Amino acid sequence: MKKIEAIVRPEVFQELRESLVHIGISGLTVFEAAGCGNQKGKRGAFRGTTYELPLVSRIKVEMVTDDHKVDEIIEAIIEACGTGNVGDGKIFISQIDEVIRIRNGERGKEAVL
Amino acid sequence: MKKIEAIVRPEVFQELRESLVHIGISGLTVFEAAGCGNQKGKRGAFRGTTYELPLVSRIKVEMVTDDHKVDEIIEAIIEACGTGNVGDGKIFISQIDEVIRIRNGERGKEAVL
Amino acid sequence: MKKIEAIVRPEVFQELRESLVHIGISGLTVFEAAGCGNQKGKRGAFRGTTYELPLVSRIKVEMVTDDHKVDEIIEAIIEACGTGNVGDGKIFISQIDEVIRIRNGERGKEAVL
Ligand SMILES: Nc1ncnc2c1ncn2[C@@H]1O[C@H](COP(=O)(O)OP(=O)(O)OP(=O)(O)O)[C@@H](O)[C@H]1O
Ligand SMILES: Nc1ncnc2c1ncn2[C@@H]1O[C@H](COP(=O)(O)OP(=O)(O)OP(=O)(O)O)[C@@H](O)[C@H]1O
Ligand SMILES: Nc1ncnc2c1ncn2[C@@H]1O[C@H](COP(=O)(O)OP(=O)(O)OP(=O)(O)O)[C@@H](O)[C@H]1O
Ligand SMILES: [Mg+2]
Ligand SMILES: [Mg+2]
Ligand SMILES: [Mg+2]
């Protein structure tokens, strides 16, 4: 199984959600975040403090999925979240060794669905 | 070392915390999250916006631990967080290559304790 | 590529940010968190509830980077975030299989920069 982490602009999240449901992905977890990419910036705020190095508001979407769905999900993220402007975000793919459904202890690919 | 990520209902968190301490696990990090599993839903809210596709409030608990403790931790999570109802959450297990204790630069299994 | 996760005290974050920029690391994502290490504690609060087992406010900084930068980043974190007191935090290193820049679909090491 793979974990797909997408760090995206908050304003594209609803469109991403709809695209993912469209390709059969309903299981996901979302986190509020702040981040910085390559942009040379001026100032920003996080937790009430002003930083010389700006942080912008981002959302991280985490999805654990079967290997064969990864490419389709990447395409859906690029389609829904890409504006062509700097700051569109990043996708990180990593290995997940085991998944367990807490309700019944079910493991593996069946637990992802 | 392994990372155990448990996405659970907020209301079971205190019981989980106590169970983990009971089996000797005190190091953990907790995040507020929102998520969706397999449920076919109606509406929900996240960051003040209403979504057709509902997100429910969840907590993610992250623990990095020695390999031999993983099964015991999974059992403790299922015991503390399983209600038998849909939406009880998921556990994801993955590999951690290195751990460093920032206080003294200590690495490896000793740094996890 | 590697993911570096650093769980640190909120008050050292700005110094960490500056140190990272100094060594050429500008891409990172930050999350508010709560956590507990080895300390034997009394009480704490999270989400408005009092817990017998205390949680303290922490920040998680996530950076995905090329393998050859990992050691330099670890040193910068220890330097910026280590006070020598218990509770300074932890660093976790793990493998990232693929990185995609959402703006243009670029992959691999070029997408990390
Ligand atoms: N190497 C990285 N590690 C962790 N998070 C990152 C990294 N690079 C970017 N991010 C996250 O992604 C968000 C968006 O980054 P961004 O798209 O600006 O990256 P970029 O490399 O500057 O690409 P672009 O040139 O398209 O702007 C950042 O605010 C940050 O949260
Ligand atoms: N594949 C997944 N990837 C990432 N997060 C997930 C995934 N599946 C579930 N989650 C997270 O776990 C939470 C609870 O999911 P849930 O227990 O409803 O999963 P489920 O597969 O529908 O299982 P059940 O049939 O027991 O309800 C979700 O709100 C979401 O935050
Ligand atoms: N094993 C772990 N898994 C996940 N998060 C951890 C773990 N250990 C510590 N943390 C996180 O790091 C934060 C700081 O931990 P802390 O530095 O107190 O660790 P420690 O092992 O007690 O080291 P020290 O002896 O230097 O205090 C915690 O509040 C928690 O968020
Ligand atoms: Mg950028
Ligand atoms: Mg469900
Ligand atoms: Mg401690």
Side-chain angles (χ1 to χ4, degrees), chain A residues 2-9 12 16 30-41 43-62 67 70-71 73-97, chain C residues 1-34 47 57-67 76 80 92-113:
Chain A
K2 299 287 186 198
K3 183 199 267 191
I4 301 175
E5 297 172 84
I7 300 163
V8 302
R9 303 181 195 273
V12 299
L16 174 58
V30 189
F31 303 85
E32 292 198 40
C36 195
N38 277 323
Q39 305 94 324
K40 298 288 167 285
R43 280 161 180 285
F46 180 59
R47 296 176 56 100
T49 312
T50 302
Y51 293 101
E52 292 296 324
L53 302 158
L55 292 171
V56 292
S57 177
R58 289 284 181 256
I59 281 178
K60 178 159 88 162
V61 183
E62 288 190 357
D67 294 38
V70 170
D71 285 336
I73 294 173
I74 292 172
E75 277 175 46
I77 296 168
I78 292 176
E79 178 74 21
C81 305
T83 66
N85 299 314
V86 296
D88 277 351
K90 295 270 171 85
I91 306 170
F92 304 124
I93 314 288
S94 57
Q95 185 69 26
I96 290 288
D97 294 337
Chain C
M1 274 92 56
K2 300 287 185 198
K3 182 198 268 190
I4 301 176
E5 298 172 84
I7 300 162
V8 302
R9 304 180 195 274
E11 56 266 34
V12 298
F13 176 64
Q14 181 156 15
E15 189 178 331
L16 175 57
R17 236 358 227 111
E18 285 163 14
S19 303
L20 291 170
V21 168
H22 201 73
I23 60 168
I25 302 298
S26 55
L28 54 77
T29 306
V30 189
F31 303 85
E32 292 197 41
R47 296 176 55 100
S57 177
R58 290 284 180 255
I59 281 178
K60 179 160 86 161
V61 182
E62 289 190 356
M63 286 153 280
V64 174
T65 187
D66 199 29
D67 294 38
F92 304 125
I93 314 288
S94 57
Q95 185 69 27
I96 290 289
D97 295 338
E98 186 61 284
V99 176
I100 299 112
R101 192 189 306 276
I102 294 174
R103 172 166 58 89
N104 58 11
E106 194 176 36
R107 291 189 177 217
K109 292 184 182 184
E110 274 65 45
V112 165
L113 299 177

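These numbers come from the heavy atoms of this one structure, side chains and all, not from hydrogens, waters or symmetry mates. Values in this document were obtained by computation on a predicted structure and should not be read as measured data. Residue numbers start from 1 in every chain, and the chains themselves are labelled A, B, ... in the order their sequence lines are given, proteins ahead of strands.
- Legend: residues meeting salt bridge (charged side-chain N to carboxylate O under 4.0 Å, His left out) with K90(A), ordered by chain and number and at least two apart, are absent.
- S94(A) places no side-chain N or O within donor-acceptor distance of the main-chain N or O of D97(C), the cut-off being under 3.5 Å.
- K3(C) touches chain A through its side chain: at least one heavy atom from C-beta onward sits under 4.5 Å away, while N, CA, C and O do not.
- Proximity to chain C (any heavy atom under 4.5 Å) is shown, for V70(A), by neither the backbone nor the side chain.
- Using a 4.5 Å cut-off on side-chain heavy atoms (C-beta onward), L55(A) and R17(C) make contact.
- Using a 4.5 Å cut-off between heavy atoms, I74(A) contacts chain C through its side chain alone, with no backbone atom that close.
- Contact annotation for Q95(C): only backbone heavy atoms (N, CA, C, O) come within less than 4.5 Å of a heavy atom of chain A.
- Taking CZ of R103(C) as the start and CD1 of I78(A) as the end, the distance is 12.0 Å to the nearest 0.5 Å.
- Nearest heavy-atom pair, F31(C) versus K60(A), reported as atom, atom and distance to 0.1 Å: CZ-CE, 3.6 Å.
- In this structure, the portion of V21(C) lying under 4.5 Å from any heavy atom of chain A is its side chain and not its backbone.
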Considering only distance and modelled atom types, tabulate donor-acceptor pairs under 3.5 Å from the side chains of residues 105-113 of chain C, sequence neighbours left out.
from	atom 1	to	atom 2	distance (Å)
E106(C)	OE1	R101(C)	NE	2.8
E106(C)	OE1	R101(C)	NH2	3.2

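- Heavy atoms of E5(A) lying under 4.5 Å from chain C belong exclusively to its side chain.
- Here the closest non-hydrogen pair linking I102(C) and I7(A) is CD1-O, 3.9 Å.
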